[in-house]
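In what follows, chains carry the letters A, B, and so on, assigned in the order in which the sequence lines appear, proteins first and then strands, with residues in each chain numbered from 1.
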There are 2 protein chains.
Amino acid sequence: MSENSKSTTIIGNALPNLPWEDRPEGSIEPMWRFSQNPIIGWNPMPSGARAYNSAVVPYGDGFVGVFRVDSKSGRAGLHFGTSPDAINWQLENDLIEWVDEAGNPNPNSYAYDPRVVKIEDTFYITWCDDLKGASIGMGYTKDFKTFVKTENPLMPFNRNGVLFPRKINGEYVLLSRPSDSAHTPFGDIFLSHSKDMTYWGKHRHVMSSGGSGWWQGTKIGAGPIPIETKEGWLLFYHGVSGTCNGFVYSIGAALLDLEDPSKVLYRTRGYLLTPEKEYETTGFVPNVAFPCATMYDAPTGRIAIYYGAADTYSAVAFTQVDDLIEYIKNDSEV
Amino acid sequence: MSENSKSTTIIGNALPNLPWEDRPEGSIEPMWRFSQNPIIGWNPMPSGARAYNSAVVPYGDGFVGVFRVDSKSGRAGLHFGTSPDAINWQLENDLIEWVDEAGNPNPNSYAYDPRVVKIEDTFYITWCDDLKGASIGMGYTKDFKTFVKTENPLMPFNRNGVLFPRKINGEYVLLSRPSDSAHTPFGDIFLSHSKDMTYWGKHRHVMSSGGSGWWQGTKIGAGPIPIETKEGWLLFYHGVSGTCNGFVYSIGAALLDLEDPSKVLYRTRGYLLTPEKEYETTGFVPNVAFPCATMYDAPTGRIAIYYGAADTYSAVAFTQVDDLIEYIKNDSEV
């Protein structure tokens with residue numbers, strides 16, 4: 001199936017103004033980079049050194065995002081951004097001002113790698129928070145003006161908390177990656193259930209690092225919000241290879257069972273995208289491609305993947321859902 | 001106050017047949033060892049090499065326990081035991097046969113360091129379980145014949161899950177110590193809340209390793225079920241010192257606020273008991289005193305502390321609640 005055909009695979013909305021470029025002439029890759037990458041470079045605003053590993057969603061006539069920005073002190077925080085086209089972004093110079101349920105200031109110690117998902121009329125935000133150690137932060141907004149920080153869903157140490165975009169069998173479902181207190185040389189993807197977003201349980205192992213390929217041999221973590229498709233939940237994830245000179249972060253994908261997403265149906269044996277370009281291989285942390293968001297246009301099956309590059313840049317890649325699923329099925333290792 | 005006086009400090013039951021020895025003549029220690037320690041030695045039954053770090057409770061006219069037993073393959077599992085006097089124990093040779101809620105077999109991969117608490121008419125058991133890594137296992141029994149294993153309350157990696165003996169402000173409360181996937185060179189005590197023992201949230205940090213004393217500088221973890229007293233929840237805990245030749249586990253105690261047990265009122269600056277005796281300083285893992293259970297007689301304030309010694313032996317120590325609380329207050333560092 002060509003990327004310009006009609007598709008009924010994604011169970012979701014149309015987004016005619018989704019950023020898009022056709023697959024380059026002659027390319028055989030399952031995912032191709034935006035020709036104008038990176039879309040955000042060094043020093044995106046006066047207070048910030050780097051904006052990357054960030055989450056964007058359609059909102060109103062345009063787009064909004066919650067961005068990880070490392071300040072010039074090196075500390076990571078969350079900033080709000082807006083864009084008319086999801087390519088050219090205007091980031092606020094100040095941190096998002098989180099409040100508690102009563103409206104009192106409730107600032108983060110640090111915060112990084114946000115994900116944003118709309119469930120019913122609310123945008124839920126998860127990020128890596130500080131609960132005496134790395135843990136999953138959680139909050140919500142309905143208008144991107146008031147941001148309410150709620151309870152940490154899980155105990156430390158944990159990172160890469162990613163919510164599913166709807167309840168499954170009556171419960172919210174949260175992916176995460178238990179970790180240690182530092183750079184964590186291991187990591188599998190788990191999921192947890194909740195009836196109310198406050199109390200979580202029924203924890204399940206989803207998938208392990210490793211397999212025959214080394215690109216995901218050290219650890220893996222959920223990336224963007226999973227996309228519901230007729231073939232299962234399409235989960236992009238990061239896989240990490242440990243080298244003598246540090247970690248290399250690449251992008252893979254899996255299809256999870258719609259009714260029981262702890263069940264992996266298909267999973268990429270090889271990576272979909274690995275750091276090759278200068279903005280991926282050089283920067284504050286070389287050799288990182290770290291996906292935190294997707295947006296899609298269901299009628300065409302077009303998907304734009306937003307990823308952080310080298311812990312420095314924001315970049316975009318594209319794929320088409322039917323081509324991608326065929327690709328994953330043809331070289332799957334569960 | 002003498003250990004033979006009447007006391008109204010412990011909010012709990014009488015247990016006239018609690019094992020007891022008076023403080024030895026001339027002793028100034030806050031906690032003193034049973035003269036016949038260890039009460040369980042090497043090879044306690046044909047299948048087992050070592051029984052230690054175990055939980056005992058009054059039951060019927062006597063006592064029962066859930067014991068950590070390392071088999072002769074070296075793997076840890078849970079065994080049931082009975083005793084007329086809480087000193088002489090008869091341990092079953094076979095593992096406890098866990099079932100799921102439907103009654104189907106639900107065996108553990110491994111299981112160690114159990115705690116047992118009676119809440120209303122049910123005995124809840126927590127232990128270190130394998131959820132693709134060390135995590136808190138949970139189950140219950142009403143009769144010590146049928147043992148039902150339920151959901152893991154928290155995500156890996158975690159150890160030393162310890163329930164409070166009643167709901168606090170309408171919720172069950174669970175202490176635990178987030179850890180890594182191995183021998184964990186760090187560790188603080190946290191607590192979590194639940195309305196139903198299945199879904200957990202509102203995670204709070206309780207207390208950190210460290211302070212001015214080195215005996216608890218590397219990590220700390222909750223020990224026996226907290227004892228409710230008029231002065232707060234009396235929590236015995238283990239503190240670990242990292243030496244050039246490995247960890248040393250000692251016993252300390254804290255008083256936690258009755259209404260909000262994440263608030264530490266008092267905490268031992270020095271240890272209450274540290275490995276000194278041969279059964280504590282030598283064995284499978286030298287230099288370990290690891291408390292997992294207490295029993296008390298409220299009208300006298302007598303407390304018997306059950307602790308594992310050198311990951312090999314089961315041992316008992318005694319203290320009196322008023323003397324102990326005075327001792328803690330006199331040398332407290334929060």
- Message: Below 30° counts as parallel, above 60° as perpendicular, anything between as tilted: where do the rings of B:F247 and B:Y249 land?
- Response: perpendicular
- Message: Tell me whether B:Y271 at atom OH has more than 12 heavy atoms from other residues, nucleotides or ligands lying less than 6.0 Å away.
- Response: no
- Item | Heavy-atom neighbours of B:E97 CD exceed 12 at 6.0 Å | no
- Task: With a 4.5 angstrom heavy-atom cut-off, could you sort out which part of B:P156 is near chain A: side chain, backbone, both or neither?
- Result: both
Answer yes or no: is there an ion pair linking [X] with [Y], defined by an N-O contact shorter than 4.0 Å?
X	Y	value
B:R159	B:D113	no
A:D121	A:K142	yes
A:R68	A:D70	yes
B:E228	B:R166	yes

- Note on the structure: From the list A:N106, A:D100, A:D129, side-chain hydrogen bond (donor to acceptor under 3.5 Å, both in side chains) with A:K149 holds only for A:D129
- Item | chain B neighbours within residues 182-191 of chain A, where any heavy atom lies under 4.5 Å away | A:F186, A:F190
- Check: B:I136 main-chain N/O paired with B:N152 side-chain donor or acceptor under 3.5 Å: yes
- Message: Less than 6.0 angstrom separating the ring centers of A:F164 and A:W233, yes or no?
- Response: yes
- Query: Any residues in residues 195-211 of chain B near chain A, with a heavy-atom distance under 4.5 Å, and which are they?
  - Reply: B:K195, B:T198, B:Y199, B:W200, B:G201, B:K202, B:H203, B:R204, B:H205, B:S208
